[in-house]
There are 2 protein chains.
Amino acid sequence: MARAGLTTERLVKAGAELADEVGFDQVTVSALARRFGVKVASLYSHVKSSHDLKTGIALLALGELADRAAEALAGRAGKDALAAFANAYRDYAREHPGRYDAARFRLDPETAAASAGVRHAQMTRAILRGYDLTEPEQTHAVRLLGSVCHGYVSLEAAGGFSHSAPDSQESWAWVVDSLDALLRGRPLS
Amino acid sequence: MARAGLTTERLVKAGAELADEVGFDQVTVSALARRFGVKVASLYSHVKSSHDLKTGIALLALGELADRAAEALAGRAGKDALAAFANAYRDYAREHPGRYDAARFRLDPETAAASAGVRHAQMTRAILRGYDLTEPEQTHAVRLLGSVCHGYVSLEAAGGFSHSAPDSQESWAWVVDSLDALLRGRPLS
DNA sequence: CCGACTTGCCTAAAGGTTTTAGGAAGCTGC
DNA sequence: GCAGCTTCCTAAAACCTTTAGGCAAGTCGG
C-alpha cells in the first residue's frame with residue numbers, strides 16, 4: 001500500500017494549482033483526492049474540512065501575492081513604486097486567477113489578522129510615504145489604493161473590459177498615472 | 001395536495017432573500033425548497049439548474065442596483081452625481097450583501113450582454129459627461145470609477161476597514177472627493 | 001357537466017461531496 | 001523485531017443535484 005506522501009502543505013499547494021486550472025469554487029476535497037490517486041477520507045488526516053482547505057489556499061495566495069509585491073517594491077520609490085506594486089497585483093491575478101479568487105475567500109477575523117493581509121497594508125503605507133500626505137489622508141489613500149487595485153483586477157478578471165476598446169492595458173496605465181497625480185496633489189497632465 | 005404557487009420569479013426573489021440571510025454561496029436548490037415547504041425536485045420545473053437559479057439572482061441584483069443608481073442620479077450632475085452614484089452602490093452592498101455578491105456571479109458573455117450591466121456602463125458615462133474628458137480618457141475613467149466603487153465596497157464588505165481608525169465612512173467621503181478632483185484635473189484641496 | 005389535456009408537485013433513484021469512525025499496513029526507534 | 005505512531009483504507013451517514021415517471025388539481029371543448 002504505497003504511501004502517497006500527503007502533507008497539509010502539499011495538499012494546499014495542489015489545491016492552489018487546481019484552483020488555477022478549474023476555478024477556486026471547483027476546488028473540492030474529492031477532486032484533490034483524485035489528483036493524488038487517493039481515497040477521499042485520507043485527506044481528512046491533513047485537512048480539517050473543506051473550509052479549512054480553502055482557507056489554506058487563501059493564505060497561500062495572500063502570502064505569494066505579498067512576496068511578489070515586496071519584490072516589485074524593492075529599490076523603488078514614488079510613482080515607480082506605485083506602478084510596480086499595482087502591476088505585481090495585476091500580473092498575479094492574470095497568471096493565477098484561481099489563487100487570486102482564493103485570496104478573496106472570506107476569512108474569519110483572527111485568521112485574517114494573522115495573514116499576509118497585514119504585510120499588504122504595510123507595503124501600501126510604505127509606498128505612500130513617498131507622497132506628502134497627512135496621517136488621516138494616508139489611511140484614506142491606503143484604502144483607495146487597495147480598492148483600485150482590487151477592483152480593477154476583479155472587473156478585468158470577470159471579463160468586464162475585454163470586449164471594448166481601448167485595450168485594458170492602456171486604461172491600466174492611465175489609472176496608475178492618475179493615482180500618482182492624485183496623490184501628488186497635482187492636476188492630471 | 002395544495003399547490004404552493006411556485007414560479008421562476010418567486011423562486012429567484014426568494015433566492016435573493018436567502019442570499020442576504022445566509023450568503024450567496026449558501027444558496028442552494030434544496031434550501032430554497034425547504035423555504036417553500038416543497039420537495040426539491042419540484043423546483044426543477046421552474047429552474048433549469050442550480051447554476052440557472054444563481055444566474056437569475058445575479059440578474060435580479062444587477063437590475064436592482066441599476067435602478068437604485070438611476071434613481072440616485074436623477075436630477076444631479078457633476079460631483080453631486082458622482083457621489084450619489086457611488087453611494088447608491090455602497091448602500092446597496094451594505095443592505096443586501098448576498099445580492100451584491102450575486103451581482104458578481106460570473107455570467108457567460110451573452111447573458112452578461114443582455115443584463116443590466118450595460119445600464120451601469122451607460123450611467124457611468126453619463127456622470128463623466130459632467131467632466132471635461134477626451135474620448136479615450138472617458139473610457140479609462142469609466143473603468144476607474146467602476147473599479148473604485150467595486151473595490152471599495154468589496155473590501156469593506158470583507159471587513160477590511162472595520163477594525164481600524166478612521167471610520168470607513170470618512171475614507172469613503174475622501175475617496176469620492178478625490179475622484180472628483182482627479183476628474184476635474186485639479187489638485188486635491 | 002364531464003372527459004381530456006396541461007400543469008404542478010410528488011416519489012424514486014442515481015451520482016457526487018462532506019465528514020466521522022474504526023481498521024490495517026507501513027515506518028521509526030529502541 | 002516489536003511497540004507505537006502515522007498513513008491510508010473501508011464503511012457509512014448526511015446532504016445536494018439532477019432526471020424520470022406518476023398522480024392529482026385546475027382548465028377547456030363538447
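Both backbone and side-chain heavy atoms feed into the values below; hydrogens, waters and symmetry mates do not. Below, chains carry the letters A, B, ... as their sequence lines are ordered, and counting in each starts from 1.
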Start with the C-alpha gap between A/Tyr92 and A/His96, add the side-chain angles, then the distance that decides, and say whether ring-ring contact (aromatic ring centres under 6.0 Å, His included) holds.
CA-CA 6 Å; A/Tyr92 186 79; A/His96 299 295; 5.2 Å; yes

Indicate the ring-plane relationship of B/Tyr89 and B/His120, choosing parallel, tilted or perpendicular according to the 30° and 60° boundaries.
perpendicular

What is the distance from CG of B/Leu43 to C1' of D/dC16, rounded to the nearest Å?
12 Å

Rounded to whole Å, the CG-P distance (B/Asp25 to C/dT17) equals 18 Å

A/His51 NE2 to C/dT20 P, straight-line distance once rounded to whole Å:
14 Å

How long is the line joining CZ of B/Arg34 and C1' of D/dA14, in whole Å?
12 Å

Please tell me which of the listed nucleotides, C/dT17, D/dC9, D/dT18, lies nearest to the side chain of A/Lys39?
D/dC9

note: B/Leu32, atom CG; D/dT17, atom P; distance rounded to Å ~ 10 Å

Within the structure, does a side-chain N or O atom of B/Ser42 lie under 4.0 Å from either OP1 or OP2 of C/dC10?
yes

Which nucleotide in the set D/dC8, C/dT18, C/dC9 lies at the smallest distance from any side-chain heavy atom of A/Val29?
C/dT18

Around A/Asp132, counting heavy atoms of other residues, nucleotides and ligands shown, do more than 12 lie under 6.0 Å from its CG?
no

B/Gln26 CD - C/dT18 P separation (whole Å)
13 Å

What is the nucleic acid contact for B/Ala41, judged by heavy atoms within less than 4.0 Å: base, sugar-phosphate only, or nothing?
base

Interatomic distance, A/Asp52 CG vs C/dT17 P [rounded to whole Å]:
19 Å

Would you say C/dT7 has OP1 or OP2 under 4.0 Å from some side-chain N or O of B/His46?
no

Contact class for A/Ser50 (heavy atom, under 4.0 Å): base, sugar-phosphate, or nothing?
sugar-phosphate

Could you tell me whether the side chains of B/Arg104 and B/Ser154 share a donor-acceptor contact shorter than 3.5 Å?
yes

Between B/Ser49 and D/dT17, is there a contact of a side-chain N or O with OP1 or OP2 at under 4.0 Å?
no

Sugar-phosphate only, base, or nothing, as touched by A/Val38 at under 4.0 Å among non-hydrogen atoms:
sugar-phosphate

Can you tell me how the ring of B/Phe105 sits relative to the ring of B/Phe24, calling it parallel under 30°, perpendicular over 60° and tilted otherwise?
perpendicular

Return no unless some side-chain N or O of A/Thr28 is found under 4.0 Å from OP1 or OP2 of C/dT18.
yes

Rounded to the Å, how far apart are A/Lys54 NZ and C/dT17 C1'?
10 Å

Measure from the side chain of B/Val40, starting at C-beta and using heavy atoms only, and say which of C/dC10, C/dT17, D/dT18 lies closest.
D/dT18

